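Heads up: the structure comes next, in structure tokens.
This structure is a prediction, so every number in the text was calculated from the model and none was measured. Side-chain atoms are counted along with the backbone in the values below, which use heavy atoms only and exclude waters and symmetry mates. Convention: sequence-line order gives letters A, B, ...; per-chain numbering from 1.
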Amino acid sequence: MSLTENMSPGLALGIHRTMVRIRVFESRVEELFKAGKLPGFVHTYIGQEAIAAGVCAALDRNDYITSTHRGHGHAIAKGMELGPIMAELYGKATGACRGRGGSMHVADFSVGMLGANGIVAGGLGIAAGAALSARYRGTHQVAVGFFGDGGINKGTFHEALNFAATHRLGVVFVCENNQYAQFTSRLRTTSVEDLSVRASAYGIPGITVDGNDAAATYREALEAVGRARDGGGPTLLNMETYRFGGHYVGDAEVYRASAEVEARRQADPILRWERTLTDEALMTAGLGEAVWAEAADEVSAAVRFAEESPHPDGGTALENVFTQVC
Amino acid sequence: MSLTENMSPGLALGIHRTMVRIRVFESRVEELFKAGKLPGFVHTYIGQEAIAAGVCAALDRNDYITSTHRGHGHAIAKGMELGPIMAELYGKATGACRGRGGSMHVADFSVGMLGANGIVAGGLGIAAGAALSARYRGTHQVAVGFFGDGGINKGTFHEALNFAATHRLGVVFVCENNQYAQFTSRLRTTSVEDLSVRASAYGIPGITVDGNDAAATYREALEAVGRARDGGGPTLLNMETYRFGGHYVGDAEVYRASAEVEARRQADPILRWERTLTDEALMTAGLGEAVWAEAADEVSAAVRFAEESPHPDGGTALENVFTQVC
Amino acid sequence: MRRMSFGQATVDAMRSAMREDDRVVVLGEDISWGGNFGQFRGLLDEFGPDRVIDMPISEAIIMAVTVGAAVTGLRPVASMSFVEFTLGAMDEIVNQAAKFRYMFGGQVSVPLVLRASDGVLRSSAGQHSSSLEGLFTHLPGLKVVAPSNPADARGLLRAAIADDDPVVYLENKRITAKRGPVPAGDHVVPLGSAAVRREGSDLTIVTYSVMTLHAEKACSSLAEMGIEAELIDLRSLVPLDLDTVLSSVARTGRVVVAHEAWEFGGFGAEVVSAITGQAFDRLRAAPVRVGAAQAPIPFSPPLERAVVPGSDELVAAAREVMGLT
Amino acid sequence: MRRMSFGQATVDAMRSAMREDDRVVVLGEDISWGGNFGQFRGLLDEFGPDRVIDMPISEAIIMAVTVGAAVTGLRPVASMSFVEFTLGAMDEIVNQAAKFRYMFGGQVSVPLVLRASDGVLRSSAGQHSSSLEGLFTHLPGLKVVAPSNPADARGLLRAAIADDDPVVYLENKRITAKRGPVPAGDHVVPLGSAAVRREGSDLTIVTYSVMTLHAEKACSSLAEMGIEAELIDLRSLVPLDLDTVLSSVARTGRVVVAHEAWEFGGFGAEVVSAITGQAFDRLRAAPVRVGAAQAPIPFSPPLERAVVPGSDELVAAAREVMGLT
Ligand SMILES: Cc1ncc(C[n+]2csc(CCOP(=O)(O)OP(=O)(O)O)c2C)c(N)n1
Ligand SMILES: Cc1ncc(C[n+]2csc(CCOP(=O)(O)OP(=O)(O)O)c2C)c(N)n1
Ligand SMILES: [Mg+2]
Ligand SMILES: [Mg+2]
């Protein structure tokens, strides 16, 4: 069976393009942060691109996702434009959240991106609520809740999965198991090795997926999303991956051996996908280079947009605390 | 195999005595509450006696338990005296908590009863903490966390089991599955039928037990407590039972059919244990009657003690907010 | 005018809102059985289980689901029965519900209501007797209301559901069963408007919720002593109708601020500070606060009475502010 | 005297406490790696994993385990890195830790410390910039401290660990890396004692934590304008050393109360109300409060600056209370 069997060439290339855009965006963010251009803190998605790209490729534009502190990749994959994301990271008035949110709170409700979230596992119940709402409104929208291996130990994981399972809601819970929560290996805080077994506590399917293989992330997401859309209830996908960078940009990474990082970097999801696409004659070297070049241009344009945009005016700081001021 | 095989006659009769004392105590509490003698609200343990009695029989005096809003049975089984419990329910100065706590906060740290708790599943993490403390102090004390079928959906259940399992702490999590949480059948809010499967999410043993069979509750508790004491980590015991009364005294019980209640009352854990003891020639009718009579006397004495005790003085209301007043 | 209890007022407000707008749903533990205080009775029959949703004992997820539903087109009402249970959902209330609109730059509204019962009711003890408005009022992004009579209960709940922002609706348990007149029709009380319950020229009593009832009694006692108190029932704590308070204080120059919640660091401190800040020159005496003593609420009735204030404490405070002690 | 940062002061206090008393253990996320701000660095090496315990991202269970350990013979210190994460453990903090001693009639003490970092640090945005002391101080059963310099950090943390009650230790993130002198030896600062940082006769500035640094700067600016401010650093919010405050206000008659937390319903409201209640006749002007504007903390620097007060706002407030505006 061909790895890209269930995909059209356009889709396979689209997933590649999304991954590349995320990689280039995040690499530039890293540079910008190190150059002191960005306020706040940034958590980059480098190394995990196959997950956001594969999962979001299985979603419709009006489906929902909730995201995490490591949310740029999700935002891009769900269809947010790069300019407003970058401007948000700069704290500019043209940012996706008008500079109010920053890196950890990137959101665009118009494409179903219900927000990055600075609270670990904070999005899971919100995804369940969005799915409940979609069911009630009869729209067949699916909600994906992204979270990390650290988030799986939070009480809200349990409460959200139980609720979603009981009501057979159209949610897919996607655990991005990158092996660490901040500085701490998941093995030190988590009672089971294979995180997918946690699904059994709710009577729902739990599947461990090679999260660096875009074919697998897409395939499993497609199946889970299909089930969710058809009233078959939630799924827990445990996507095994690795973050190439530190927890945040600037992390000294004392907690993991550089040999481990080097070894894991070999499984680069983008290079791997490029090999697959090349093997299956869907991509040529020239095409690949064009995608990277295009992404670089696009990111440069986003940076330009952000840098040329004005900061919000301090006088507007009290706007939008409430919708209605009585 | 004899039902009481792993028990000495003394132990078997002791469990009976505990169950009877709980039943008589709670029946009197019900009367007293209906007669307007008790402030607050009371949740009685009638129908579930085999659980507290069997589990606590497997514990040493210096082992710990954490309890629930339905805690009188646990308090009695763990060795609290009836007088101070009853006086607490009356809000008297001689109560176990000097009248500060009432029914939902009965506690006696000197017998390892770390408190009834008005917050559903509030005791589970505290039990884990007590077990961590015991391990650190090297005392081999075990901690039991009692909770209900309603509590199993609370995030703290998940967090406590994961933590205890990861550290292989000496905790036994005892779910008293009496089928309802307040007015709501567990089937409406819980994604799995057999609650013991939730143990698999933590890689620990999960066992469903006939909670109305004192031989079974004791046997399974003994095994779990032994494992806990020997460093084998936590166990989840799902003890199936039924509460004979309403959620609280005064509950109109519109949410369940009286036929269901009647049918379930047939499985009275005390009558059943008396039959077993009689069959195994450990008990005679006379002996059984004596136990009930003794319990009645004891409860009457507790009521007398409570009624004759003074109320706390309003002027002492601000004592003990802090240990040290700077 | 109809006569109904607070509980019936809730049902009535919910029913109007649910009939008018099918985006309104209600979620909570035991809700299909009417909730802990019967405030939702009958809704299941009329609106069915898709709109009256029994929730597991998972306060955090009740709130998170409510937020998720609110930002995707519904107008959910979440019930937490006892206000202490909201402590298990504080992250969702404070970090999510209250902040979403602001943090996301105004692109979304969070039209939800969080309803909870607070206060002391016959020795419910430490975990079932608190009043926590002092927490909610401090945190930006939440509106907070606390009615003292069934008409306001009906009207404020209706306004809260119609409002596009998260509103915390707090109802004192001791008065939930009390009955009172409610105007006919779809009675609404706008958020942010205080009510003057009694006029008087000697001092101003500012309060809300159950304490308004104690204050009415206190006002009668004071009148017998020849002291005429003006009584302001805030009804809405956020937004706060400070104008009504200030215009009264400008006349009386003396003020007592009272609530059942703990006095130390309570909402009364805000009211006193705001009055002092804006009407210092009108004050003829230091404002006096009345609130619970700084202890968890005890079980035993004499202790509970010692910690939680009633009309006696209000009378004493009024006499103090009048310089009569 | 040694010079050290706040972070090093924490390590130093922890080390003294852990050497002296083997019941002291510390629990938190990433704690064996030194915690989010390096405040626990080196403890694992000296005390091992039985006493320096890495916790899962389960704030509720961190607190519950801490309570369970505290009531069974240990003296645990729990770390929550950002104070917003305590919102996920509010039930355990408020309904359990704070109430146990009282609710159980004094039969048990709950000797624990909850340590959290609060305040604004370079655009950490809405969920990582709050100051929540207004919540903790309102709730009976919790002691609350907030140091403004490494010596107090060291001394208050040491006192907090030695105390038999639950103590919330709050350290502002922006000053954690700052260094300052710390007395040699086992320096302890008793809970409940404020420090007069600067003497002055024109007005009293009452504050704590990072705002003390802003106030020192403001005092210099004011001095240049000929205004001599007395500066009181509360250090301990519960118990509150009101005597020191009142004796200053009795001399100056003018007071500014400042904190980085939201002004509305914040701890400053309590301080102002207490001062007004007890020293009304000494007040020559209305006390003025300084605190954050009522919005979630925004990300973008100019917005953040607009919401969160600094020394300019303190100078303006001092001039206002002096009648100079
Ligand atoms: C409730 C909560 N606790 C703690 C933190 C601090 N924190 C931020 S990210 C993180 C680790 C998250 O790990 P994981 O879920 O595996 O996601 P990853 O960073 O690996 O993508 C922690 C502990 C937080 N943001 N929220
Ligand atoms: C956190 C919390 N939420 C809600 C309640 C209200 N409440 C009290 S008992 C109860 C039902 C508990 O059910 P279960 O755990 O099955 O115990 P049971 O009453 O059946 O013994 C509920 C919802 C509570 N006490 N605490
Ligand atoms: Mg991770
Ligand atoms: Mg039950």
For side chain to side chain contact (heavy atoms under 4.5 Å, CB included), just list the numbers for A/Val321 and C/Arg101, CA-CA rounded to whole Å, side-chain angles, deciding distance to a tenth of an Å, and then say yes or no.
-> CA-CA 7 Å; A/Val321 176; C/Arg101 179 171 180 75; over 6 Å; no
Can you tell which part of [X] gets under 4.5 Å to a heavy atom of chain A, answering side chain, backbone, both or neither?
X: C/Asp50; answer: both
X: C/Met55; answer: side chain
X: C/Pro190; answer: neither
X: C/Asp241; answer: neither
X: C/Ala89; answer: neither

Expected output: side-chain A/Asn320 to main-chain C/Tyr102 donor-acceptor under 3.5 Å |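 Side chain of A/Asn320 to backbone of C/Tyr102, a donor-acceptor pair under 3.5 Å: no, none is there.
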Heavy-atom contact with chain C under 4.5 Å, split by part of [X]:
X: A/His158; answer: neither
X: A/Asn162; answer: side chain
X: A/Ala116; answer: backbone

If you tally heavy-atom pairs under 4.5 Å against chain C, which of A/Ala160, A/Gly129, A/Ala131 wins?
->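 Looking at each option in turn, the highest pair count goes to A/Gly129.
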For chain C, the option from A/Gly155, A/Pro312, A/Ala130 that forms the most heavy-atom pairs under 4.5 Å =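 Among A/Gly155, A/Pro312, A/Ala130, the one with the most close pairs to chain C is A/Ala130.
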Taking the side chain as every heavy atom from C-beta outward, state whether [X] and [Y] have any atom pair closer than 4.5 Å.
X: C/Thr72; Y: A/Leu114; answer: yes
X: A/Phe322; Y: C/Lys143; answer: yes
X: A/Leu132; Y: C/Ile53; answer: yes
X: C/Pro56; Y: A/Phe163; answer: yes

For the pair C/Glu92 and A/Thr156, evaluate side chain to side chain contact (heavy atoms under 4.5 Å, CB included) and give the outcome as yes or no after the intermediate values.
-> CA-CA 10 Å; C/Glu92 289 72 17; A/Thr156 40; 3.3 Å; yes
List the atom of C/Asp164, the atom of A/Gln324, and the distance in Å for their closest heavy-atom pair.
->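 Nearest pair, atom of C/Asp164 first, then A/Gln324: N-OE1, 2.7 Å.
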Between C/Gln96 and A/Ile126, what is the shortest heavy-atom contact and its length?
->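 Residues C/Gln96 and A/Ile126, closest heavy atoms: OE1-CD1, 4.0 Å.
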Sort by residue number and list every member of residues 133-148 of chain A having a non-hydrogen atom under 4.5 Å from chain C.
->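 Contacts with chain C: A/Ser133, A/Tyr136, A/Arg137.
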Extract all donor-acceptor atom pairs below 3.5 Å that involve side chains of residues 79-90 of chain A and protein atoms in other chains or at least two apart in sequence.
| from | atom 1 | to | atom 2 | distance (Å) |
| --- | --- | --- | --- | --- |
| A/Glu88 | OE1 | A/Ala96 | N | 3.3 |
| A/Glu88 | OE1 | A/Cys97 | N | 2.6 |
| A/Glu88 | OE1 | A/Arg98 | N | 3.2 |
| A/Glu88 | OE1 | A/Gly99 | N | 2.9 |
| A/Glu88 | OE2 | A/Gly99 | N | 3.4 |
| A/Glu88 | OE2 | A/Arg100 | N | 3.4 |
| A/Glu88 | OE2 | A/Gly101 | N | 2.8 |
| A/Glu88 | OE2 | A/Gly102 | N | 2.7 |
| A/Tyr90 | OH | A/Glu307 | OE2 | 2.6 |

Determine the interplanar angle of the C/Phe104 and A/Phe109 rings, folded into 0 to 90°, and report it as parallel if under 30°, tilted if 30 to 60°, perpendicular if over 60°.
->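 Correct class here is tilted.
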Approximate separation, where rounding is to 0.5 Å, of A/Met104 CE and C/Met103 CE |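 A/Met104 atom CE to C/Met103 atom CE measures 9.5 Å (nearest 0.5 Å).
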